[in-house]
Amino acid sequence: MSDKVRKLIIAIDGHSSCGKSTVARQIAHELNYIFIDSGAMYRAVALYCLRNQIIVDGIVDLPRLLANLENIKVYFKWNPLTGQNDIWLNEENVAEEIRLLQVSQNVSPIAAVAEVRHLLVSLQHEMGKSKGIVMDGRDIGTVVFPNADLKIFMTADPKVRAQRRYDELVAKGEEVSFEEIMTNIIERDRYDESREVSPLRKAGDAIILDNSLMTREEQLAWIFDKVSDI
Ligand code: DC
């Protein structure tokens, strides 16, 4: 495969909860590439803001957020127990906590702040410097790596996405209703697509992958097929 010759940048963008990170992680594993879940970075900043009452009832205290930005250190650290890179916020592993529904419900307004995006995008550029990276998010193919070698835009029927996310959270013991998950998914899509800074958009040269009716194996085979065409 051509990746043996040349290290690629693979950008996977798309709607909330359509399994981007799971697929991106597996692709990176197969290719022996770095995997970066950029959404985890935005979630870690949102968690900091929730803990410090910088966001309350979905309203961001912008002056305090900007004053606190230099105190927010977000990075990935290898976890030998799981064999995955976990997201850290300052001195703490927050890989589990950032998945709480409360964080999902507050992350979009934080991700809409230009200064937050600027900070995280510069960290993402740094991570992609030596290529050999699969990064998933909302603006990877449009803003972070506009010259990525392969751009995929993932989507799926909102009902299918909500059901998958609901099953996942219930399996973890979170008490949630299907309706609140569905509402959160639809609202996040709308918020992410309509924000002024780096809105969620399909890059002109991205290929759409609608996985509503696809198994994980079929999605991986589909992507590897594209990778082998490069
Ligand atoms: O991928 P995710 O659902 O974990 O992302 C959480 C939120 O972060 C999502 O609602 C939008 C935002 N996000 C973003 O604005 N840009 C990215 N590159 C990744 C995520």
Side-chain angles (χ1 to χ4, degrees), residues 9-25 28 35-50 55 58 60 65 72 74 76 84-87 89 94-128 133-146 148 151-156 158 161-162 164-166 168-169 172 174 176 180-203 206 209 211:
I9 293 184
I10 301 178
I12 304 187
D13 290 302
H15 290 116
S16 298
S17 299
C18 54
K20 297 184 297 294
S21 299
T22 310
V23 166
R25 175 180 283 115
F35 159 63
I36 298 294
D37 169 4
S38 68
M41 302 169 77
Y42 289 94
R43 285 171 179 270
V45 176
L47 178 62
Y48 179 96
C49 294
L50 277 167
I55 183 164
V60 183
L65 172 53
I72 307 178
V74 168
F76 290 92
Q84 291 181 1
N85 272 324
D86 283 345
I87 185 90
L89 169 63
V94 292
E96 289 286 321
E97 205 172 341
I98 58 156
R99 301 291 158 203
L100 292 174
L101 185 58
Q102 200 202 0
V103 176
S104 304
Q105 286 167 333
N106 285 277
V107 64
S108 285
I110 299 295
V113 175
E115 290 82 354
V116 170
R117 303 203 69 83
H118 187 77
L119 173 72
L120 298 187
V121 168
S122 69
L123 294 174
Q124 290 154 9
H125 281 158
E126 197 58 31
M127 293 166 183
I133 189 165
V134 185
M135 190 177 290
D136 82 284
R138 303 293 189 289
D139 62 340
I140 311 307
T142 50
V143 174
V144 182
F145 298 125
K151 298 181 188 178
I152 293 163
F153 189 89
M154 274 176 75
T155 189
R161 290 190 271 144
R164 289 177 186 156
R165 184 46 56 97
Y166 175 76
E168 222 173 82
L169 291 174
K172 279 191 202 163
E174 248 200 274
V176 289
E180 65 181 332
I181 305 282
M182 182 79 178
T183 305
N184 176 247
I185 285 180
I186 291 172
E187 275 180 2
R188 270 202 295 152
D189 285 349
R190 196 168 41 218
Y191 208 117
D192 295 341
E193 284 173 335
S194 60
R195 69 174 173 232
E196 267 177 47
V197 199
S198 309
L200 169 64
R201 292 259 186 285
K202 176 192 158 307
L209 172 58
N211 67 16

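Atoms within a ligand are numbered from 1 in the order they appear, just like the ligands themselves. Only this structure's heavy atoms are used, side chains among them; waters, hydrogens and symmetry mates stay out.
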For ligand 1, find out whether one of its N or O atoms is nearer than 3.5 Å to an N or O atom of [X].
{"X": "D37", "value": "no"}
{"X": "D139", "value": "yes"}
{"X": "K20", "value": "no"}
{"X": "S17", "value": "no"}
{"X": "S38", "value": "yes"}

Calculate, to the nearest 0.5 Å, the distance between atoms [atom1] and [atom2] belonging to [X] and [Y] respectively.
{"X": "R161", "Y": "N184", "atom1": "CZ", "atom2": "CG", "value": "10.5 Å"}
{"X": "H15", "Y": "E193", "atom1": "NE2", "atom2": "CD", "value": "4.0 Å"}
{"X": "I12", "Y": "M154", "atom1": "CD1", "atom2": "CE", "value": "6.5 Å"}

If I compare all heavy atoms of [X] with all of [Y], which pair ends up nearest, and what's the gap?
{"X": "T142", "Y": "D13", "value": "N-OD2, 4.4 Å"}
{"X": "S198", "Y": "R117", "value": "CB-NE, 3.5 Å"}
{"X": "R188", "Y": "S104", "value": "CD-O, 3.5 Å"}

- R138, portion touching ligand 1 at heavy-atom distance under 4.0 Å: both
- For ligand 1, does M41 get within less than 4.0 Å through its side chain, its backbone, both, or neither, judged by non-hydrogen atoms?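 No part of M41 is near ligand 1 at this cut-off.
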- Of D192, N184, N106, V45, the residue with the heavy atom nearest atom 10 (O) of ligand 1 is D192
- Could you pull out, from M135, R43, Q124, the option with a heavy atom nearest to atom 4 (O) of ligand 1?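 Looking at heavy atoms only, R43 sits closest to atom 4 (O) of ligand 1.
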- Message: Any donor-acceptor pair under 3.5 Å linking the side-chain atoms of R138 with those of S38?
- Response: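 Checked: S38/R138 side chains show no N/O donor-acceptor pair below 3.5 Å.
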- Query: Near V107, which atoms of ligand 1 are under 4.0 Å from a heavy atom of that residue?
  - Reply: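 This gives 6 (C), 7 (C), 8 (O), 10 (O) as the contact atoms.
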- Query: Counting each atom of ligand 1 from 1 as listed, which ones have a heavy atom of A111 under 4.0 Å away?
  - Reply: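 Answer for ligand 1: 12 (C), 15 (O).
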- Task: Specify the protein heavy atom at minimum distance from atom 16 (N) of ligand 1: its residue, its atom name, and the distance to 0.1 Å.
- Result: R117 NH2, 3.0 Å
- atom 8 (O) of ligand 1: which protein heavy atom is closest, and how many Å away? Y42 CB, 3.6 Å
- Side-chain contact, heavy-atom cut-off 4.5 Å: N85 with F35?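 No, their side chains stay 4.5 Å or more apart.
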- Message: Under 4.0 Å, counting heavy atoms only: does R195 come that close to any atom of ligand 1?
- Response: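 The answer is yes, since R195 has a heavy atom less than 4.0 Å from ligand 1.
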- Would you say H118 has more than 12 foreign heavy atoms packed within less than 6.0 Å of its NE2?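 Atom NE2 in H118 is not crowded, with 12 or fewer foreign heavy atoms closer than 6.0 Å.
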